[in-house]
Structures are given as C-alpha cells and as structure tokens.
**Q** 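For reference, the structure I am asking about is given below.
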Amino acid sequence: SGDNPSGELQVFAWDGATFTRLTDMSDGSASRGSASSSSRWVAYAASDNPLGTNGDLNQEIFRVDLVNGVWLQITDTTNCTNSQPSIANGGTRILFATDCTDLFGGFNADGNDEIAVWDASNGLDALETSGCSSADPELADDGSLGVYSSDCDGNDEIYSWIPFTGTISQITTTGAPAVNTSPSVSGDGGVVAFLSVADFTGGNADGSYEVFAWNGASFEQLTDGTVLQNHLAARVDSSGGFVAAMLFDAVGGNSVFYVPRPGGTAVPVASGDVGWPDIALDGGQPALFFEGGEDLVGDNVDGNTEIFRSTAVFLPPVDQCSAPFVTIPDNNSSGVSDDIIVSPGLSISDLNISLDISHTYVNDLVVTLEHVETGTTITLIDRITRDNGNPCFRNDIDAILDDDGDRDVGTECANQTPTVLSPPSFIPEEALSAFDGESTSGTWRLTVSDRVSADVGTLNEWCVDFEAN
C-alpha cells in the first residue's frame, strides 16, 4: 500500500483489489491473522498500539472492522504472548492461544500454553491445563465450536471445545509416538481436517504425515505419501467439501493442492518454493491462498516470498455412472442397492437420473434414490401402469428421469422394448427437486425392488447428472 517504506513487519488485509495496512510497528512481532468469511472482520496478534492502550507493546489480540475502520483491543496482558487468533463470521467471537497469566483473574498461574476465547457478550473464557501444551486453535465460522491440538493426555491429540460450556471432546485417541496436529474446522463445525502419523483407516502403515478428515463419526484419509514425503498443512473450507494441503517431498520438492471430499483425488495447484495454503470458496469452487518464492504469474522475478491466490478451479458438471449388472431379487421388497460416491461438494440446482434396467413386467418394480448423508429419499418409479391404471406387463427401462420431463414415468407403457425409452425424458414419481440445495458430495444410493413373484431382471447401469453451483 506504499506506507511501509522501512520494510518493517506489518499485518495487511487484501480485499481482492487493494491492500490495507492494519499495524504500525517499528520493531515488533505478529502472528498470522484471521479474516471472517464476510470479509468485514479481521483478527490479528501483534505488538502494536493502534489505540494507545498497549503502551508496553506486548503481543495482544486485536479486532478490526474493515467496513467502519474501527479497531478493538481484545487482550491486555504483560510480558507474555497471545497468538494464532481465529475469528467467527460475525466478528463477535475470537479463539486464540496464550501463555499469559493475567488474561483474567486467577488464570494460568503456571504460564502454560493455553487456548482462550473472547466473546463480545460473554467476555473471556479459557481452557486451563497444567504441565502440558495446547496450540493450533481454529474457530468454526458460525462460532459454535473450536478445535485445537494438545498433549495433555500424554500424546499429541486433536480436541474440540464448545466455548463457555466446558464441553470438550477428544477427536483422536492415539498412543506415542503418534502425532496429531494442525486441525482445521469447517464453517458449521461438522468436518475437522488435521495432520497425523497415525493409521486411522489402514492406509498409513509407513507412519508418514498424512491429511485426515473427521466428520463426527468416522475418519477419512485424504493423502497417501511415501516415507520420503510428509504433509505439512491441512485446511478445510467452510463447506467441508475441500481440503487444501502442502506436501514436502525430499526428492520432488514442495507442492500445494486440494482434495475434494469425501473420496476425491488430489488436484495440484502449484509446486516448487510454495507452501502453507489456506482455502476458500469462490462461486462454490475452491481457491487457494499460499506463500512462495516461485514466479508463478511473471511478477516475482526476484524470487521474494509472496502471497499467491489460485484462480478458482471450476469443476465440470457432475455426471457419474455405475454399471453394477446386479440381479434384482424376485418378490423381495428390500431389493438390491448400488452406490455412487460423488466427491465435489457443490450445491445442487438440478438433478436428473438415468436408468438402464432389464426386467420383464416393469409393473413389478419400485425404484428409490437416497442421499445417504442427508437421509433425503424419493421414489423414482412405483410399479408402472397403463393410462387406465392397469398393470404394465411390458419389459425393460432405458430412460432419463427429469422433473422437467415430457411425460409421467408412472404411466409410460409403450408397445416397444424397452417399454420406457428415452428420448423423451420422463417425470419421476416424486420430484428430484427434493435434493436441490444439498451438496453433491457423498453417497447416492439407488435401490430397485421387485414386488411380485415369477419375473426377474437386472440393474445394468444408472447415472446421476447434476447441475450445481
């Protein structure tokens, strides 16, 4: 911004077009800042005195309202360090690390490394421990949940904390020499990404640092490096659908990338002298922010360490198919199910389903679709009849089901094979719009059941076709 001619360490904010210098330090210290998802609020830690209330220049936590240009000093301590602030979207809650003994009365007499929180309505609260260390705090965007790492059970583990309630949950439970570190939490607190050398899912037998995600019920391993590779960062976006990471490779050098979850494949972003990424969504697509000395866009010929932003990677429409060729059990209401796992976490605006089913007497069949993670379930086909309501005794389905279809599938009984054949497309028994607004990611389960004895068939293939934002 042209107002730091002496080149001192300062904290800046960037809004996509301009830089704003937030500190005015001549010789001070600072730790990484945190911006709210609304871009209005920034929290940072620095030995700064913007309000004249930090005369000893201790490293304190500050909050800035970028819209109104208003600073607030959150902590007021002496001869200690407050660091690693993480701010919620409304700007009214900040989680941070501290070793201060005078944060509030009677706190932390031993000067231990602790996790604390400030709330605009409730003031300060903290977790107090002894003989151990806690670090790496991050607050969910909605302010409901904080995560951190701690060795207070004798090993480095990941924990969650609901501030002002005393509710602490231990996410990882491993033994030495396992290390779990660098937690990051999604906007609603539902997904926690972290680094670990443990083997939670059977995919990390070599004990290298890998990226894992925890969804409240189970672990997912997102990376699989070799003994010469270690991952040094893990950051989950607000939706929980993408995790950014940094890879240190003793042979191939550094790289930054992101992984769609669940079940996604790593998407490379940059390599070389790059690292320490963060991630945000731009129009529903992942964009990475990271530091590096590479000349990635032709503006860093001197190799200085700069901050880069990747262009949002716009994913193609999600269209995935499965061809199980499984037998549909005769006269069995449970039927047969097949799953498609979708990894890009985009917001559904429209969903169509393609079906290829070989079966004599389609009137026997009931077909349902379930999004397992949300529990939303609809009936696509419910025992097809003729226009007059009599059973359709014709064979086979090879059709596209679309809420905007030309005819109702429930009474499509053409004198042909397949009797239900696209084009045209057909309107399902229940509207696929029931899934609109949900994330594409997760398990999509198709179930086909035969409700009458004698005739049998096969689920050959089916597809999900999303329009998503």
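It should be emphasised that the depicted structure is a prediction, and the values quoted were computed from it without experimental measurement.
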**Q** Side-chain donor-acceptor pair under 3.5 Å between Ser38 and Ser36, yes or no?
**A** yes
**Q** Looking at side-chain heavy atoms only, is the closest gap between Thr92 and Trp41 below 4.5 Å?
**A** no
**Q** Please examine the side chains of Ile279 and Val243, heavy atoms only from C-beta on, and report whether any two atoms are closer than 4.5 Å.
**A** no
**Q** Taking the side chain as every heavy atom from C-beta outward, state whether Asn254 and Ser271 have any pair of such atoms under 4.5 Å apart.
**A** no
**Q** Do the side chain of Gln10 and the main chain of Met25 share a donor and acceptor less than 3.5 angstrom apart?
**A** yes
**Q** In Å and rounded to the nearest 0.5 Å, what is the CG to CG distance from Asp402 to Asp465?
**A** 9.0 Å
**Q** If we ignore hydrogens and angles and just use 3.5 Å, is the side chain of Trp118 paired with the main-chain N or O of Phe96 as donor and acceptor?
**A** no
**Q** Let me see the working for Thr223 and Glu210 under side-chain hydrogen bond (donor to acceptor under 3.5 Å, both in side chains), right down to the final yes or no.
**A** CA-CA 6 Å; Thr223 61; Glu210 303 294 353; 2.6 Å; yes
**Q** Is there side-chain contact between Arg40 and Asn68, with at least one heavy-atom pair below 4.5 Å?
**A** yes
**Q** Phe194 and ring pair (Phe, Tyr, Trp, His ring centres under 6.0 Å): which single residue from Phe200, Tyr209, Tyr159 fits?
**A** Phe200
**Q** Donor-acceptor check, side chain of Ser184 to backbone of Val236, threshold 3.5 angstrom: yes or no?
**A** yes
**Q** Return the minimal non-hydrogen interatomic distance between Leu66 and Ser39, and the atom names on each side.
**A** CD1-O, 3.6 Å
**Q** For the ring pair Phe242 and Tyr258, is the centre-to-centre distance below 6.0 Å?
**A** yes
**Q** Measuring from Ser337:OG to Leu446:CG, what's the distance to the nearest 0.5 Å?
**A** 7.5 Å
**Q** How far apart are the closest heavy atoms of Asn58 and Cys80, and which atoms are they?
**A** OD1-O, 2.7 Å
**Q** For the residue pair Ser47 / Gln59, report whether a side-chain donor-acceptor contact shorter than 3.5 Å exists.
**A** no
**Q** Any side-chain donor paired with an acceptor under 3.5 Å for Asn108 and Thr101?
**A** no
**Q** Tell me whether Glu373 contacts the main-chain N or O of Thr443 through its side chain, where contact means a donor paired with an acceptor under 3.5 Å.
**A** yes
**Q** Name the orientation class of the two ring planes belonging to Phe19 and Phe12 (parallel below 30°, tilted from 30 to 60°, perpendicular beyond 60°).
**A** perpendicular
**Q** When you measure from the side chain of Ser310 to the backbone of Leu288, do you find a donor-acceptor pair of N or O atoms at a distance under 3.5 Å?
**A** yes
**Q** Out of curiosity, Trp276 CH2 to Ile307 CD1, how far, rounded to the nearest 0.5 Å?
**A** 13.0 Å
**Q** Any side-chain heavy atom of Leu432 sitting closer than 4.5 Å to one from Ile353?
**A** yes
**Q** Main chain of Gly225, side chain of His231: is a donor-acceptor contact present, judged purely on distance under 3.5 Å?
**A** no
**Q** Should we count CG of Asn79 as having more than 12 external heavy atoms under 6.0 Å?
**A** no
**Q** Closer than 4.0 angstrom, basic N to acidic O: yes or no for Arg309 and Asp282?
**A** yes
**Q** Determine whether Glu370 and Thr376 satisfy the following criterion, side-chain contact (heavy atoms from CB on, under 4.5 Å), listing intermediate values before the conclusion.
**A** CA-CA 6 Å; Glu370 177 188 7; Thr376 304; over 6 Å; no
**Q** Between Asp113 and Thr98, is a side-chain contact (heavy atoms from CB on, under 4.5 Å) present by the stated rule, with each step listed?
**A** CA-CA 6 Å; Asp113 293 317; Thr98 183; over 6 Å; no
**Q** For Trp444 and Phe466, I'd like to know if the aromatic rings sit close, meaning centre-to-centre distance below 6.0 Å.
**A** yes
**Q** Could you tell me whether a side-chain N or O of Asp273 sits under 3.5 Å from a main-chain N or O of Glu294, the two making a donor and an acceptor?
**A** no
**Q** Indicate the ring-plane relationship of Tyr44 and Phe62, choosing parallel, tilted or perpendicular according to the 30° and 60° boundaries.
**A** parallel
**Q** Going by atom types alone, do Gln170 and Asp153 pair a side-chain donor with an acceptor below 3.5 Å?
**A** yes
**Q** Less than 4.0 angstrom from a charged side-chain N to a carboxylate O is my criterion; do Asp338 and Arg445 meet it?
**A** no
**Q** Please report the interatomic distance CG(Leu103) to CG(Leu124), rounded to the nearest 0.5 Å.
**A** 5.0 Å
**Q** Begin from the C-alpha positions of Ser208 and Asn230 and carry the test side-chain hydrogen bond (donor to acceptor under 3.5 Å, both in side chains) through to its verdict.
**A** CA-CA 6 Å; Ser208 55; Asn230 281 299; 5.1 Å; no
**Q** With a 4.5 Å heavy-atom cut-off, do Ile115 and Leu95 have their side chains touching?
**A** yes
**Q** Counting N and O atoms only, with roles assigned by atom type, does the side chain of Ser354 sit under 3.5 Å from a partner on the main chain of Cys463, one being a donor and the other an acceptor?
**A** no
**Q** With rounding to the nearest 0.5 Å, note down the distance linking CG in Leu51 to CD in Glu60.
**A** 11.5 Å
**Q** Got Glu157 and Asp151 here, is their nearest side-chain heavy-atom distance under 4.5 Å?
**A** no
**Q** Hey, does Thr174 have a side-chain heavy atom less than 4.5 Å from the side chain of Val197?
**A** no
**Q** Would you tell me whether Glu291 and Thr305 have side-chain atoms, one donor and one acceptor, within less than 3.5 Å of each other?
**A** no
**Q** Just checking, is any N or O donor in the side chain of Asn82 or Thr77 under 3.5 Å from an acceptor N or O on the other one?
**A** yes
**Q** Short question: side chain of Thr377, backbone of Gly375 - any donor-acceptor pair under 3.5 Å?
**A** yes
**Q** Given side-chain contact (heavy atoms from CB on, under 4.5 Å), test Ser196 with Val179 step by step and report yes or no.
**A** CA-CA 6 Å; Ser196 181; Val179 176; over 6 Å; no
**Q** Taking all heavy atoms of Ser238 and all of Leu281, pick out the closest pair and write down the distance.
**A** OG-CD1, 4.3 Å
**Q** Between Gln84 and Asp136, is a side-chain contact (heavy atoms from CB on, under 4.5 Å) present by the stated rule, with each step listed?
**A** CA-CA 7 Å; Gln84 298 179 297; Asp136 305 320; 3.7 Å; yes
**Q** Does the pair Glu138 and Ser86 meet the rule for a side-chain hydrogen bond (donor to acceptor under 3.5 Å, both in side chains), with working shown?
**A** CA-CA 5 Å; Glu138 182 164 294; Ser86 176; 5.1 Å; no
**Q** At their closest point, which heavy atom of Val256 faces which heavy atom of Gly275, and how far apart are they?
**A** CG1-CA, 3.8 Å
**Q** For Ser322 and Asp339: C-alpha separation, side-chain torsions, deciding distance, then whether side-chain hydrogen bond (donor to acceptor under 3.5 Å, both in side chains) applies.
**A** CA-CA 8 Å; Ser322 175; Asp339 293 345; over 6 Å; no
**Q** If every non-hydrogen atom of Asp142 is compared with every non-hydrogen atom of Asp188, which pair is closest and at what distance?
**A** OD2-CA, 3.5 Å
**Q** Within the side chain of Asn215, is there an N or O that forms a donor-acceptor pair under 3.5 Å with the backbone of Ala217?
**A** yes
**Q** Taking all atoms of both residues into account, what is the closest heavy-atom pair of Val147 and Pro183, and its distance?
**A** CG2-CB, 3.9 Å
**Q** Let me confirm one number: the CD1-CG distance from Ile378 to Leu369, rounded to the nearest 0.5 Å.
**A** 5.5 Å
